[in-house]
Every structure is written in C-alpha cells, then in structure tokens.
Amino acid sequence: MEPWPENLPRQVEIDAAGDVALTAPQAAALLGVALPAFLADLRAGHVYSVVERGEGEDAGRLRLTLRRRARQCRLLVEAATGRVLGGG
C-alpha cells in the first residue's frame, strides 16, 4: 500500500449544496503554494474550481478540480461522507 500524500486531506467538508468545501489553507497546500500567494491569486480571480458529480458506476462520488494559474489538483471524494478517495 502506498503512503498517503502529505498534502492530501483524508476528509473534506461537504456543504449544504453537496459540493466540496475546502479551507484556504487546504486549497493552498493541495496546489503547493504558500497561503499568502494563494489568497492574493484568489482575490485576483486566478483560482478556479469545478465539482463534477459521478453518474452510473461513479454515482455517489464527486471529483473536485482546483486550478491556480498553470497548476491543478484533483480530488475524488465520497459524496455522502466527504472521505477523500484519492487525488493528485
């Protein structure tokens, strides 16, 4: 079994709309950037996220894609619990 990546959370919050809700420190760590730089880019509109809901075999899962400039990170999350299934 491979070790769990240090910057990958094991659990995330699922908000009332059923979307993944990350804190700024979580998002910055996932993208490998210092928090002040992440917050500056967030304010400038250089941070984007997309949540996709699984269908068919993937029903009950969410895929979060988080982008900042040329960097991106994806998380696969169990929709009911917020448990992170994987990412990269």
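Please read all numbers here as calculations on a predicted model, not as lab measurements.
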What pairs of residues pass the side chain to side chain donor-acceptor pair (under 3.5 Å) test when at least one of them lies in residues 39-49, not counting sequence neighbours?
D41-R68, D41-R69
Between A79 and L62 the two heavy atoms that sit nearest each other are CB-CG, 3.8 Å
Would V77 and I14 count as a side chain to side chain contact (heavy atoms under 4.5 Å, CB included) here? Give the steps.
CA-CA 9 Å; V77 177; I14 304 295; 4.1 Å; yes
Indicate the atoms forming the closest heavy-atom contact of V51 with V20, along with that distance.
CG2-N, 4.2 Å
Go through the structure and list residues passing side chain to side chain contact (heavy atoms under 4.5 Å, CB included) with L76, not counting sequence neighbours.
R61, L85
For T81, check side chain to side chain donor-acceptor pair (under 3.5 Å) against everything at least two apart and list the hits.
E78
Salt bridge (Lys or Arg N to Asp or Glu O under 4.0 Å) partners of residues 46-55, not counting sequence neighbours, each pair once
D19-R53, E52-R63
Who pairs with A21 by side chain to side chain contact (heavy atoms under 4.5 Å, CB included), at least two apart in sequence or on another chain?
E13, D15
For R67, what residues pass the salt bridge (charged side-chain N to carboxylate O under 4.0 Å, His left out) criterion, not counting sequence neighbours?
none
Could you give the side-chain donor-acceptor pairs of residues 28-40 under 3.5 Å, partners two or more places apart or in another chain?
none

